[in-house]
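The model shown is predicted, which means the values in this text are computed figures rather than measured ones.
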Amino acid sequence: EGFIITVTVDEGPRYRFGKMDIVSAIQGVDVEQLRPLIVSEEGDSYSSTDIEASVNALRQALGDMQYAFVDIKPRVDRNRDDQTIGITYEVGEGPRVFVERIDIEGNSRTLDEVIRREFRLVEGDPFNATLLRQSERVRVGCLAQIVNVIAPLVTNETSVLRQSIYYPYAWALKYAH
């Protein structure tokens with residue numbers, strides 16, 4: 001009628017963060033200015049969540065400095081002898097992404113032009129998450145139910161890798177009448 005499964009888990013030794021570093025292949029990026037954005041410090045308990053938070057903070061800061069197309073890869077250097085994991089955040093250029101179009105849906109009272117002028121991005125602009133966040137702050141969402149910013153990722157001028165659709169105004173549904 002039934003059975004019992006017993007699983008023994010051995011977590012292994014606890015690792016701590018070792019040396020933390022940032023290297024950049026993008027000319028003009030001052031890595032010293034970015035170091036305080038690393039969430040963890042040498043000696044802290046290892047956490048993949050801290051690495052992810054650091055990558056996000058670095059990406060946002062670089063976007064604020066007008067480096068919209070960055071690729072940040074954490075390189076891991078594990079030392080089994082002293083049970084530490086060193087992390088080097090490698091900053092490089094990512095694929096160029098441009099806003100293909102902006103679709104406005106659920107707008108029956110306001111001209112699309114009025115909503116579009118509140119955006120910090122227009123069709124054809126390089127995609128910039130900072131400008132998209134600034135557009136969100138002006139509460140464009142109060143004027144339309146859904147605003148989609150569509151930006152295809154391209155590897156070169158002739159091939160589209162995949163299409164990404166950003167829904168920055170999903171919260172607008174609760175303000176729609």
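- Between atom CD of residue Glu90 and atom NZ of residue Lys73 there is a gap of 8.0 Å, rounded to the nearest 0.5 Å.
- Under the 4.5 Å side-chain criterion, counting only non-hydrogen atoms from C-beta, Val23 is not in contact with Val91.
- Both Ile87 and Val31 are assigned to one and the same hydrophobic cluster, defined by single-linkage of ILVMFWY side chains at heavy-atom distances under 4.5 Å.
- Ser24 contributes atom OG, which lies 9.0 Å from atom CD of Glu93 (distance to the nearest 0.5 angstrom).
- Sorted by first and then second residue, the side chain to side chain donor-acceptor pair (under 3.5 Å) pairs with a member in residues 6-17 read Arg16-Ser45; sequence neighbours excluded.
- Transitive grouping of hydrophobic side chains (ILVMFWY, heavy atoms separated by less than 4.5 Å) keeps Val39 and Met20 in distinct clusters.
- The structure places CD1 of Ile51 at 5.0 Å from OH of Tyr89, a figure rounded to the nearest 0.5 Å.
- Residues Ile22 and Ile38 have side chains in contact (heavy-atom distance under 4.5 Å, counting atoms from C-beta outward).
- Residues Leu34 and Met65 have side chains in contact (heavy-atom distance under 4.5 Å, counting atoms from C-beta outward).
- For residues 29-57, the salt bridge (charged side-chain N to carboxylate O under 4.0 Å, His left out) pairs, not counting sequence neighbours, are Asp21-Arg35, Glu32-Arg35.
- Here the straight-line distance linking atom CZ of Phe17 with atom OG1 of Thr84 works out to 11.0 Å at 0.5 Å rounding.
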Q.
For a side chain to side chain contact (heavy atoms under 4.5 Å, CB included) check, start with the C-alpha distance between Val70 and Val29, then their side-chain angles and the critical distance, and finish with the verdict.
A. CA-CA 11 Å; Val70 294; Val29 172; over 6 Å; no
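- Here Val7 sits in one hydrophobic cluster together with Phe3, Ile5, Val9; the rule is ILVMFWY side chains under 4.5 Å apart, joined directly or through other members.
- The shortest non-hydrogen separation linking Ala25 to Gly92 is CB-CA, 4.4 Å.
- A continuous path of Ile, Leu, Val, Met, Phe, Trp and Tyr side chains, each step under 4.5 Å between heavy atoms, connects Leu37 with Ile26, placing both in one hydrophobic cluster.
- Atoms CG and CZ, from Asp82 and Arg80 in turn, are 12.5 Å apart once rounded to the nearest 0.5 Å.
- No side-chain heavy atom of Val76 sits under 4.5 Å from any side-chain heavy atom of Thr88.
- Contact between Ser40 and Ser54 at its shortest, heavy atoms only, is N-OG, 4.4 Å.
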